[in-house]
Structures are given as C-alpha cells and as structure tokens.
Amino acid sequence: MVIEFNEEKQARRISELRRRDEENLTRTMARKHGLPYLDLTQTPIDMNALRLVPEKTARESMLVPIDIINKTVRLAVLSPVSEKTKKVVVDLEEQNYGVEQYMVSKSSLERIWSRYGELSYTAETKGGSIDISSEQITDLIKSVQTIEDISALIEQTLKEKKSYRISRVLEIIVAGAISLKASDIHIEPEDDYIRLRYRLDGTLMDILRFDYETYKLLDSRIKLISNLKLNIKDEAQDGRFSINLEGLDIEVRTSILPGAYAESIVLRLLNPNNLTVSLEDLGIHERLLDVMKEEIAKPNGLILTTGPTGSGKTTTLYSFLQRIHEPHIKIITIEDPIEYHLQGIVQTQVDPYGEYHFAEGLRSSLRQDPDVIMVGEIRDEETANIAINAALTGHLVFSTLHTNNAAGTFPRLIDLGIDPKIIISALSLAIAQRLVRKLKKYLLRAKRR
C-alpha cells in the first residue's frame with residue numbers, strides 16, 4: 001500500500017495549528033489583562049469604523065477599530081499597555097468617542113488591515129457632502145501631477161473588479177482637477193464613447209475616453225451625492241456637494257443636461273484658495289492697477305468688470321472686496337449663486353425662478369444700510385437703474401456686465417434703459433478682462449502629443 005504525501009494539505013494543517021495556538025495564547029493574555037477576547041475571523045467589521053484610525057497608525061499601534069455603536073468604538077488591540085495604543089485611545093476620547101478594548105491576535109489584525117484597501121477615499125454624509133480622508137487624498141493629489149498621471153490611474157482603477165471602483169474613479173477625477181487647478185470637469189457622451197475633459201486656464205483639455213457602462217455608474221454616483229433624482233434622464237438638473245479636505249471646503253456645483261446620446265455632466269469646482277488672489281497677483285498692468293486702487297478706495301461710485309464667461313470677473317470683484325474689507329465697513333453681496341463664502345460679509349443668493357431676483361435683492365440690500373454692494377450681474381433695466389441710483393447716493397457698487405470691451409459698457413447701459421446723462425456721474429470705472437494662459441506641464445505634454 002502506497003501512502004501519498006500531500007505537501008499542500010500538510011502545510012494548511014500546520015498553518016491552522018499555529019493559528020489555533022496563537023489564538024489560545026491571546027485568549028490567555030486577555031484574561032490576564034481583564035479584557036474580552038475576540039477572534040476577528042468570526043467577527044463582522046464596520047468599514048466606517050476603519051476610517052477613525054488611518055491604516056498607517058493602525059499598523060504602527062497594532063490595533064484596529066472594528067465597530068461604532070452610539071459613539072462607542074470597539075477597538076481590537078494586540079497590547080492594551082502599549083504607549084501607542086494608549087495614545088490612539090486618548091485621541092478617540094478627545095473626539096468624544098467612548099472606547100471598548102478587545103484583545104486579538106496579530107494574524108487577526110493583519111487580516112483586517114488588508115481591508116483598508118477596500119475603503120473608498122470618500123465617506124458620504126448628509127446634505128450632499130463628501131468627507132475625504134485628508135491623508136489618502138493628499139497622497140492622491142501628489143501622485144496626479146499631469147494629465148497622463150490621471151489617465152493612467154483611472155484606467156488602472158477601471159480594470160479592478162471591485163464594487164467601490166466607481167467611487168474611486170470619481171475621487172481620482174476630482175483629485176486630479178484639484179491638483180491641476182481645473183475650474184470645471186466635463187463628462188460628455190459621444191456616439192460610442194464618453195469623453196472626460198478639464199477646463200484649465202480657460203481651455204478645455206482632453207483627459208481620457210471611457211465606456212458607457214462606466215459612465216452610467218458614474219452618472220448615478222454623481223446624482224446621488226448631488227441630491228439629484230436618479231430616474232430623471234430627460235430634464236436638466238442642478239445640484240451641489242462639497243469636499244472637506246484638510247479643513248478646506250471645496251464646493252462642487254453639478255449641472256446635468258440631456259444630450260443626443262446621454263446626459264452631459266459638468267462639475268464646477270469652487271476652491272476657496274482662489275480667494276487668496278490679491279489685486280497685485282491678478283496680472284494687471286501696474287499703471288491700471290494704480291487706477292483701480294484709487295477708484296475702489298472712494299466711498300461711492302459704480303465699478304463694472306466686463307468680459308466673456310470664465311474670464312475671471314467674479315475673482316476680480318472678490319479681490320476688490322478683500323482689498324477694502326474693514327470692520328467698520330458694511331458689505332453686502334447679491335449673487336447667483338454664492339460662489340465663495342466670505343467671513344464678515346453679508347451674502348444673499350437670488351432665486352431666478354422665484355420672486356427674489358437681482359433687482360429685488362439689490363432693493364432690499366439698500367435698506368440694510370450698506371457701504372459697499374456687490375451685484376453678481378446686471379442683467380435687466382430694473383437692476384441697472386437701482387445700481388446706478390445706489391452709486392449716486394453714496395454707495396460703492398461692484399458688478400459685472402456682459403460686453404466685449406470696456407467701451408461697450410456705455411451702449412450696453414443705454415440699451416438697458418439708463419439715462420445717458422447720469423451714466424458719467426455714476427460710473428467710476430469700467431474694466432474689460434481676459435485670461436492670459438501660462439505654460440504648464442500639462443500644456444507642454446499635450447502639445448508634444
């Protein structure tokens with residue numbers, strides 16, 4: 001009789017015996033420390049709990065959070081007396097969590113640590129907000145410095161057979177846009193493919209093309225976090241969500257429009273860091289900059305910026321507001337929508353589909369005893385008349401007007417019904433602006449291709 005030796009089967013038996021010995025030792029140590037014992041191979045894990053402790057910290061401290069119940073965290077630890085373990089417990093308690101510790105084996109911990117890879121970088125919260133793990137997203141932003149980096153990372157993620165890959169794709173798309181300082185993300189369906197583009201320095205740049213199956217999942221994901229209706233495909237929808245990144249709230253405006261093949265999606269990124277741009281950093285000629293500073297320092301008058309959509313008019317107006325903002329000055333803005341939230345300034349958003357439009361907002365603002373008023377845009381005769389009269393009655397008014405050049409301000413205001421005789425008295429400054437593009441890595445690489 002010949003007995004065959006199965007080496008693989010024998011290795012599995014030895015491995016199982018070692019695991020049992022390790023678990024038995026851990027059970028004994030748990031009794032010594034007066035803590036309950038857990039075998040993590042038989043314990044369900046709350047993936048949201050893993051977010052409480054970064055993977056690097058969890059591995060270094062030999063622990064892992066496995067569940068959260070009513071602000072109480074169940075923490076699986078290798079050694080409760082370790083200084084690193086104590087530090088994690090203190091950190092959790094400082095975040096107002098209660099902590100229950102359980103003794104587990106090292107092999108159990110290693111099995112759960114591997115599940116960190118299943119975590120999406122984002123965690124959905126109520127109210128259309130996404131909390132992004134600053135450690136992971138910061139690493140992601142650092143790794144995507146060019147268009148090629150973004151394309152390669154998205155293509156690599158799409159090859160994964162994971163349920164969370166669409167969330168990761170969206171995160172890469174958004175992180176890439178933040179890294180390259182894109183103002184808009186365009187997802188555009190064509191006949192047999194979907195095109196992804198970024199608007200960089202006012203120019204749309206192709207990123208990559210992907211398939212319709214991915215697009216459908218991505219479309220649903222974007223609608224979900226933007227609080228839009230998933231079942232509506234033949235109507236335009238507008239929504240929003242925010243990204244909380246290292247204490248910085250980046251708001252994303254979602255616009256979905258029915259197209260010939262499928263819905264076109266545009267995500268506009270409103271980064272508060274853009275507000276840090278001072279007048280001196282806008283690239284304005286020194287002689288013209290002196291004129292601007294002189295005019296915005298006056299107590300009254302109408303200052304208009306003109307130019308096409310996306311030429312930076314709103315950024316210029318915000319730079320004006322930051323320049324003159326003082327505690328003794330009352331500033332009110334009327335916007336559609338409020339693009340950036342400014343501390344110490346009263347901001348109101350109009351409702352173009354209701355009764356509260358620019359004219360009504362401007363009229364109401366004048367009853368609030370303001371020193372400075374910013375009107376997002378002068379679109380009609382009523383708004384133009386109120387803005388002109390406000391400038392003539394001791395208020396400093398900032399606004400935008402759609403004309404091709406500064407000289408076009410006068411015929412445009414006359415076309416809106418303003419008396420030509422009072423335009424000169426009210427208008428202090430009319431500015432026309434365009435974007436001047438810079439040579440950057442992504443532009444140079446695109447030209448080489």
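Numbers here simply count residues along the sequence, with the first being 1. Quick caveat: nothing in here was measured; it's all calculated off a predicted structure.
Here Ile194 contributes atom CD1 and Tyr261 contributes atom OH; the two are 11.0 Å apart, rounded to the nearest 0.5 Å. Separating the CG atom in Leu317 from the CD atom in Gln322 is a distance of 12.0 Å, to the nearest 0.5 Å. Atom-to-atom distance recorded for Gln349:CD and Thr333:OG1 is 10.0 Å, nearest 0.5 angstrom. Rounded to the nearest 0.5 Å, atoms CD (Glu188) and CZ (Arg197) are 4.0 Å apart. The structure places OG1 of Thr146 at 7.0 Å from CD1 of Ile150, a figure rounded to the nearest 0.5 Å. Rounding to the nearest 0.5 angstrom, the gap separating the CD1 atom in Ile225 from the OG atom in Ser220 is 11.5 Å.
Of the possible polar contacts, one joining the Thr400 side chain to the Gly376 backbone as a donor-acceptor pair under 3.5 Å is found. Without hydrogens or angle criteria, Asp371 side chain to Lys330 main chain gives a donor-acceptor distance under 3.5 Å. Panel note: side chain Gln347, backbone Glu335; no donor-acceptor pair is recorded below 3.5 Å. Between the Lys313 side chain and the Gly307 main chain, a donor and an acceptor come within less than 3.5 Å of each other. Looking at Asp415, its side chain never comes within 3.5 Å of a backbone N or O of Pro411 through a donor-acceptor pair. At least one donor-acceptor pair under 3.5 Å links the side chain of Gln433 to the backbone N or O of Gly312. The backbone N or O of Ala58 lies less than 3.5 Å from no partner atom in the side chain of Ser61, so there is not a single donor-acceptor pair. Counting only distance, with no hydrogens or angles, the side chain of Ser226 and the backbone of Lys223 share no donor-acceptor pair below 3.5 Å. Formation of a donor-acceptor pair under 3.5 Å by the Thr393 side chain with backbone atoms of Asn389 is found in this model. The main-chain N or O of Leu63 is found under 3.5 Å from a side-chain atom of Trp113 such that the two form a donor-acceptor pair.
Shortest non-hydrogen contact noted between Gln101 and Val89 is NE2-CG2, 3.9 Å. Counting all heavy atoms, side chain and backbone alike, Ser365 lies closest to Pro370 at O-CD, 3.3 Å. A pairwise comparison of heavy atoms in Leu302 and Leu427 identifies O-CD1, 3.4 Å as the closest pair. Heavy-atom minimum distance, Ala406 versus Thr306: N-OG1, 4.0 Å. Shortest non-hydrogen contact noted between His325 and Gly344 is NE2-O, 3.5 Å. Taking both residues in full, the closest heavy atoms of Val397 and Ala391 are given as CG2-N, 4.0 Å, listed atom of the first, atom of the second, then distance.
Phe358 does not carry Arg379 over the face of its six-membered ring by the limits of under 6.0 Å from the centre and within 45° of the normal.
In this structure, Asn405 places its CG atom where more than 12 heavy-atom neighbours from other residues, nucleotides or ligands lie under 6.0 Å away. The environment of CD in Glu213 is sparse: at most 12 heavy-atom neighbours from other residues, nucleotides or ligands sit within 6.0 Å. With a 6.0 Å radius and a threshold of 12 heavy atoms from other residues, nucleotides or ligands, Lys86 has its NZ atom above the threshold. Residue Lys216 places its NZ atom among 12 or fewer non-hydrogen atoms of other residues, nucleotides or ligands, all under 6.0 Å distant.
Residue pairs meeting the side chain to side chain donor-acceptor pair (under 3.5 Å) criterion with at least one partner in residues 418-428, sequence neighbours excluded, do not occur; the list is empty.
Neither side chain, Glu100 nor Thr72, offers a donor N or O lying under 3.5 Å from an acceptor on the other. Checking Ser364 against Glu360 by side-chain atom types alone, a donor-acceptor pair falls below 3.5 Å.
Using a 4.0 Å cut-off between a side-chain N of Lys or Arg and a carboxylate O of Asp or Glu, Glu60 and Lys87 do not qualify as a salt bridge. Taking 4.0 Å as the cut-off between side-chain N and carboxylate O, Arg268 and Asp184 count as a salt-bridged pair. Salt-bridge check for Asp219 with Lys233: passed, with a basic side-chain N closer than 4.0 Å to an acidic carboxylate O. The pair Lys293-Glu280 counts as a salt bridge, with a side-chain nitrogen and a carboxylate oxygen less than 4.0 angstrom apart. Of the charged side-chain nitrogens involved, at least one lies within less than 4.0 Å of a carboxylate oxygen, so that Arg59 and Glu55 count as a salt-bridged pair.
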Assess whether side chain to side chain contact (heavy atoms under 4.5 Å, CB included) is satisfied between Ile373 and Leu366, documenting all intermediate values.
CA-CA 8 Å; Ile373 302 172; Leu366 289 171; 3.4 Å; yes

Go through Phe398 and Leu396 one step at a time and tell me if the side chain to side chain contact (heavy atoms under 4.5 Å, CB included) criterion holds.
CA-CA 7 Å; Phe398 299 138; Leu396 183 59; 3.7 Å; yes

With side chain to side chain contact (heavy atoms under 4.5 Å, CB included) as the criterion, how do Phe210 and Tyr215 come out once you've worked through the C-alpha distance, each side chain's angles and the decisive distance to 0.1 Å?
CA-CA 8 Å; Phe210 54 91; Tyr215 162 79; 3.9 Å; yes

Would Ile296 and Leu279 satisfy side chain to side chain contact (heavy atoms under 4.5 Å, CB included), going step by step from the backbone distance to the final call?
CA-CA 11 Å; Ile296 65 176; Leu279 273 177; 3.8 Å; yes

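Counting only heavy atoms from C-beta outward, the side chains of Phe241 and Arg253 never approach each other to under 4.5 Å. With a 4.5 Å cut-off on side-chain heavy atoms, Ile185 and Val266 do not count as touching. Residues Phe410 and Ile424 are in side-chain contact: their nearest non-hydrogen atoms beyond the backbone lie under 4.5 Å apart. You'll find the side chain of Val372 reaches within 4.5 Å of the side chain of Ile324, heavy atoms only. No side-chain heavy atom of Leu75 sits under 4.5 Å from any side-chain heavy atom of Ile66. Residues Ile172 and Thr157 are in side-chain contact: their nearest non-hydrogen atoms beyond the backbone lie under 4.5 Å apart. Side-chain contact between Leu196 and Arg209: absent, with no pair of heavy atoms (C-beta onward) separated by less than 4.5 Å. With a 4.5 Å cut-off on side-chain heavy atoms, Glu155 and Leu208 count as touching.
Checked against ring pair (Phe, Tyr, Trp, His ring centres under 6.0 Å), Tyr198 has no partners two or more places apart in sequence or in another chain.
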